[in-house]
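For ligands, and for the atoms within them, numbers begin at 1 and follow the listed sequence.
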Amino acid sequence: MNVVTRFAPSPTGYLHIGGARTAIFNYLFAKKHSGKYLVRIEDTDKKRSSEEAIEAIHKGLNWLNVNSEHNVVYQSQNFNSHIKVAHELLEKGHAYKCYLNSDELEKLRKKSRENGIPIKSPWRNKKKLDDNKKKEFVIRLRMPSDGTTTIDDMVQGKVTVKNEILDDMVILRSDNTPTYMLSSVVDDNDMGITHVIRGDDHFNNAFRQIQIIKYLNWNIPHYAHIPLIHGKDGAKLSKRHGATSLFDYHDLGYTGDAMFSYLLQLGWSAKNDEDYCIDRAIKLFALENVSKSPAKFDIKKLNNINAKNLNSMKTSDIYKLVIDRFKLSLNDEEQKRFKSLLPELLKRVQVYTDLELEFDWLFQKDFFCKDKNYQLKLQKNNLMLKEIGFKLKECEWSVENIKNTLNQYIVDKSLTFKDIGPILRMALTGKTNSPDLVSIIYELGCTITVNRLNYNY
Ligand code: GLU
C-alpha cells in the first residue's frame with residue numbers, strides 16, 4: 001500500500017505540544033513506509049483562524065524538521081467540493097434538510113441532554129415541503145439507526161458502538177458552509193489519505209465520520225487515535241503546567257532536535273533504543289508501540305535531553321545559534337574566547353539561552369563581581385589577587401606558563417590550590433562555578449585578567 005498521512009491543524013491558536021507530536025507521528029509513519037506526509041491547514045473557521053497561527057504552524061514544523069515536501073492544502077479552498085458532497089448525500093437520501101429554528105433546536109438539544117439520547121431532528125422523517133423553500137435549513141447526515149460500527153484502531157484497538165447513539169450531525173450550515181465533520185472526511189478522501197493519525201479527542205468523531213465514507217463507498221482509512229498529553233500531576237496539559245505552545249520552547253532555548261526527540265518519546269518508545277535522531281526514528285517508528293494511556297509531560301526529562309543534545313552539537317552550530325539569538329556582535333578576540341570556552345560552558349546549562357548569564361564576565365572589559373557577599377571576600381583577599389595579577393603580568397602568555405605561575409605562587413606562599421582557586425574564579429567570573437580556571441585566564445587574556453585582579457573592591 002502507498003501510505004499517505006496528513007497533519008491537519010486548525011490555525012485558531014498557537015501550535016501546541018500535542019499537535020506537534022501528532023505531526024511527528026504522521027511524519028515518521030509516512031517516512032517509515034516510504035509514503036507521503038501532507039500538511040492540511042483546517043482554516044474553515046474563518047473567524048477564529050489567523051495568518052499568525054498559520055505562520056506559527058509552519059515555523060514550528062520547520063523547527064522540528066517535520067515539514068512536508070508537498071504543497072500545503074488549505075481546507076477553505078476546497079469548500080465547493082465539500083458542498084457538492086453534502087448535496088450528493090442529500091440526493092441519495094443519506095442526508096436531509098432540517099428547518100428547525102434556534103428555539104426549536106435549543107428544545108431538542110435540551111431534551112437530548114436530559115434523556116441522554118443523540119440529536120435526531122424531526123425533519124429526518126418529513127417529506128420535503130415546497131413552502132419551506134425560502135426558509136433557512138441545515139443539512140444533517142441521516143445516521144443509521146440500527147446495527148453497530150466497529151473501528152479497529154491501530155492504537156485504541158477494536159471498539160464497537162451501537163449506531164443508535166450517533167447523532168444526526170450537521171454537515172452543511174445554514175450559510176452554506178461545510179462543517180469540520182464533513183470537510184475533513186472529503187479532504188481525506190480527495191488527498192488519498194490512507195492513515196488518519198490524530199489525537200484521541202477525535203476518536204468519537206471517527207464513528208460518525210466513517211458513516212459518510214460508507215454512504216459514498218469511499219475507502220475507509222486506517223485510524224490511529226493517540227492519547228493526549230497530560231501534565232505530571234495527571235491533569236490534561238494546560239498553561240498551569242508551564243508553556244504549552246511549541247514555539248515557546250524554541251524561545252526558551254531548547255533545540256528543535258531535542259524537542260523532536262522528547263516529543264517522540266512522549267507516549268512512544270522503542271525497546272532498548274534511545275537514539276532518536278530523525279533518521280533512526282524513521283527506522284524504529286511503529287504505531288504498535290504507542291501507549292494507550294495519556295503521556296505525561298516531564299520538563300526534567302526534556303531538560304536532560306536538551307542538555308545532552310547541546311553537548312553533542314558542533315561548536316560552530318551552537319555558537320551560531322547563540323550569536324543569532326542574542327544578536328551579539330563580537331570582535332575576533334571575543335569570538336575566539338567564546339568558541340574556546342563554549343564546550344565547557346555548555347556542560348553547565350540545560351538550555352542555551354542560559355548562556356546569557358555568562359555574557360557579563362565573558363565580554364565586558366570593565367567587569368567586576370556584582371554579588372555583595374563575593375565582593376566582601378574579594379576585598380579580604382585583595383592583596384593576594386593583586387600579587388597573582390602581578391605575577392601573571394610578567395609571564396609569557398601560554399596555558400603552560402599560566403599554570404606554572406599559579407603553582408609557583410602556591411609553593412612560595414605555602415598554600416594549596418583551594419586557597420586561591422575559588423577566589424580567583426570569583427574575581428574573574430563573579431561565580432563560584434565556571435570552566436577550568438587556567439583556560440579562563442588564558443582566554444580572557446593578560447590585560448583583562450590583570451585588570452580584574454587589580455580591581456579595588
Ligand atoms: N483540525 C483538527 C484539530 O486540530 C484535526 C482534525 C483531524 O485530524 O481530523 O484538532
Within 45° of the ring axis of Phe285 and under 6.0 Å from its six-membered ring centre, is that where the NZ or CZ of Lys32 lies? no
Taking the non-hydrogen atoms of Tyr180, is any one of them nearer than 4.0 angstrom to ligand 1? yes
Could you check whether [Y] and [X] have their ring centres less than 6.0 Å apart?
X	Y	answer
Trp361	Phe367	no
His195	Phe29	yes
Tyr180	His202	yes

Numbering as shown, the atoms of ligand 1 that approach Arg198 to under 4.0 Å (heavy-atom distance): 7 (C), 8 (O), 9 (O)
for atom 8 (O) of ligand 1, nearest protein heavy atom and its distance come out as Arg6 NH1, 2.8 Å
Nearest to atom 10 (O) of ligand 1, what protein heavy atom do you find, and at what distance? His202 NE2, 2.9 Å
Under 3.5 Å between any N/O of Glu42 and any N/O of ligand 1: does that happen in this structure? yes
Might you point out which heavy atoms bring Pro178 and Ile83 nearest each other, and give the distance in Å? CD-CG1, 4.3 Å
Looking only at non-hydrogen atoms, which of Ala8, Gly19, Gly13 approaches atom 5 (C) of ligand 1 most closely? Ala8
